[in-house]
Amino acid sequence: MSEETKSLNFIEHIIEEDLTNGLSKDKLRFRFPPEPNGYLHIGHTKAIGISFGLGEKYNAPVNLRFDDTNPAKEEQEYVDAIKRDIKWLGYEWANELYSSDYFITLYNWAVQLIKDGKAYVDSQSSEAMAQQKGTPTQPGVDGPYRNRSIDENLDLFERMKNGEFDEGEHILRAKIDMQHPNMLMRDPIMYRVLKKHHHRTGNDWCIYPMYDWTHGESDYIEQISHSLCSLEFKPHRALYDWFKEHVYEYASESLPMQPKQREFARLNLSYTIMSKRKLLKLVQDGVVSGWDDPRMPTISGLRRRGYTPNSIRHFIERVGVAKRENVIDVSLLEFCIREDLNKTAPRVMAVLDPVKLIITNYPEDKEEWLEAENNPEDSTAGSREIPFSREVYIERADFKEEASNKFFRLKLGSEVRLKNAYIIKGENVVKNAEGHITEIHCTYTTDTEKKVKGTLHWVSTKHAVKAEVREYDRLFIDEAPDSHQDKDFMEFVNPNSLKIIDAFVEPSLVNAKIGERFQFQRLGYFNVDDDATPEQLVFNKTVGLRDSWAKLKPKPQQQNKPQQPQQKRPAIEVIKQLGKKYTNVPEAKQEKSKAEILKLAEAVSYDDLQPLFNTAAKKVGTRIATMITLGVLLKNGQERNDDINAFISKALDDKNELLVAEAKAL
RNA sequence: UGGCCUAUGGUGUAACUGGCAACACAUUGGUUUUUGGUACCAAAGAGUCUAGGUUCGAUCCCUAGUGGGCCAACCA
């Protein structure tokens, strides 16, 4: 197989460069470092996909490291959920590790740093420290404890560790530079006292290391080669390196690899929020049923909704990796799940909004079991039998008493196919007192060969199985609910994001098991929800099918709008465009461009052209095109004026021969 | 009154580090079809934020401007 040379993203470029500069391939090592304080969401899958994807690409180990340095927020429940979600996505970590595993090493290094005069104990209030820290635009000032003696620092720090102080009394900070333009370098905090129970270390510790001190050193201990994180950590890099370089002095023999932190832009999805804190609020306020509510952008939510690991991995691949802020349209995610399910999901029939259809010339007591293909995309999927009888349900939207011939479905007097069954013809309707259609009467023919425009799905009323179908709409009505300074994201919650439908499904579905995915033909993809029981089927609508009919429908109302004729671009614009590349293209194309410009020039007025006389000297191509166009205008009777003469004479002095030649021609 | 990052069709990402701006989604036509699905074919859509500079040649390198983002938690 010829490996297709896929273009590399900027991180892969960095790795390739390191490799060519002598980094041995077997030294490559990555990590995914979640804090166990919430559930993983679709945004995390980007980070997961990048690090684990790199691991797969280079056959390098990827550690799963729980960044568990804040016992106030972290729980075992989240650890378990995160592991389950990553496994479900199909990734394997080399080692399951915890930052808390390194508490003792970190502590010893911190003591070394104190001994080297690189860290000190500060005993002020957090307010006082914030004061001294300055602002992004104003430098900070040194605090009163900054020059404590090493011995005092050592003593205080040990007593902090021993639990002699309350929270907030003392902290340990690195001694860097209170005037540094990067605020993170203004003597950042390394340790704080926290008398909390930790989900792994219990009550062993009452001082806990901060992120910056822990994260880079954990990377270093694990000998991670490339530490990838999102853009907001860019300012942390200076500190990451500062700590790393100092610790390297203590451990370079046993730990020779110095990790590199590199940052990429995180994923944003339209109509979605990605903040753990805000997702937690949706759960706590009961807006959704839990972290795994099918409307949630969490991995567990997507899983329950019916998304496949494959579809999510493809999505992440397509999203790409770069450094600029981005908003991905949800339609890409939907495309990815349809793409996957189209190939794999068995087709079945279900009617969500039923109306009874009676085939008057079909015997009342007759029933037939007709063969139905399970998946036209998969020849190995086989077929099943579905029952047919005189009375079936069809979708209410599939019938109109009369309609234009754009309507391919059932109407009175015309024919349509019942999928996998017969061709029927609409004869008449029965309505109740309110004029609501209660029955559609039709006749059938066994000639199934003939061509008809439409095909309907159906379920035999006698054999139909009741099922609950949950149809979801986006959770937020705003494209970026997160991004309004003046409004809370909760204001944009869509009140109608869940619709519960009593539906009829074909009997083959009675034994459908939780998690199984189907295509309800002509409707969309559905999976069996966790709430389903042997007595009550429950389906989630994962995503609808693409529906080009739905797009046609709203048209009649807007028909009156004057048809905007395909606006042709003004000739002068096209000329500018041709000109821009003029000097870069091969001669043959140049001639073609010139011919085109000559033709277009006929449609150009002097007023259009005049502004181009001021084109920057550098833009020779545009000037040539302008010159050619000017030639046409002059030929057609345009009189010479000062502007024209100045433009031509300036061109005559140019270095570019083409331009000079065109100018001479005038 | 600062520092850092960033700017390419509607969206996202490319362009082998300077050589006719490509791919995917979305859009619009068409063909096939017992799913108005799928598949296939085609079209349209940017000349790369602006102004300078270097160069035979700039999306790419340099400078300045402008727009967007991040940075002042004993959070990660």
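A, B, ... follow the sequence lines: proteins, then strands. Residue 1 opens every chain.
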With side chains defined as the heavy atoms from C-beta onward, is the minimum distance between A:Tyr525 and A:Arg517 less than 4.5 Å?
no

Heavy atoms under 4.0 Å, any strand shown: does A:Phe335 hit a base, just sugar-phosphate, or nothing?
sugar-phosphate

For RNA chain B, list all stems, counting runs of three or more consecutive pairs where every pair is Watson-Crick or G-U wobble with both distances under 3.5 Å.
B:2-7 with B:66-71, B:10-13 with B:22-25, B:27-31 with B:39-43, B:49-53 with B:61-65

B:A76 OP1/OP2 closer than 4.0 Å to side-chain N/O of A:Thr69
yes

Are A:Arg192 and B:C75 close enough that a side-chain N or O sits under 4.0 Å from OP1 or OP2?
yes

Can you tell me if the side-chain N/O atoms of A:Arg522 get under 4.0 Å from OP1 or OP2 in B:G36?
yes

Looking only at atom P, what distance separates B:U28 and B:U33, rounded to whole Å?
23 Å

For A:Glu263 and A:Gln261, does a side-chain donor sit closer than 3.5 Å to a side-chain acceptor?
yes

Does a side-chain N or O of A:Lys133 approach OP1 or OP2 of B:C71 to a distance below 4.0 Å, or not?
no

Is any side-chain nitrogen or oxygen of A:Ser7 closer than 4.0 Å to OP1 or OP2 of B:U13?
no

Determine whether a donor-acceptor pair (one donor, one acceptor, N or O, separation below 3.5 Å) exists between the side chain of A:Glu373 and the base of B:U34.
no

Give a yes/no answer on whether the side chain of A:His13 brings an N or O atom under 4.0 Å of OP1 or OP2 in B:A15.
yes

4.5 Å side-chain heavy-atom contact, A:Leu40 and A:Ile48:
yes

Presence of A:Lys323 side-chain N/O under 4.0 Å of B:C5 phosphate oxygens OP1/OP2
no

Pairwise 5' ranking along RNA chain B for A:Lys419 and A:Leu8, keeping only the more 5' one:
A:Leu8

Presence of A:Arg546 side-chain N/O under 4.0 Å of B:G36 phosphate oxygens OP1/OP2
no

In whole Å, measure the gap between the C1' atoms of B:U17 and B:A64 for me.
24 Å

Flag the pair A:Leu194 / A:Arg192 as yes when at least one side-chain heavy-atom distance between them is below 4.5 Å, and no otherwise.
yes

How long is the gap from NZ on A:Lys411 to CZ on A:Phe399, to the nearest 0.5 Å?
11.0 Å

Please say whether more than 12 non-hydrogen atoms of neighbouring residues, nucleotides or ligands are located less than 6.0 Å from NZ in A:Lys196.
yes

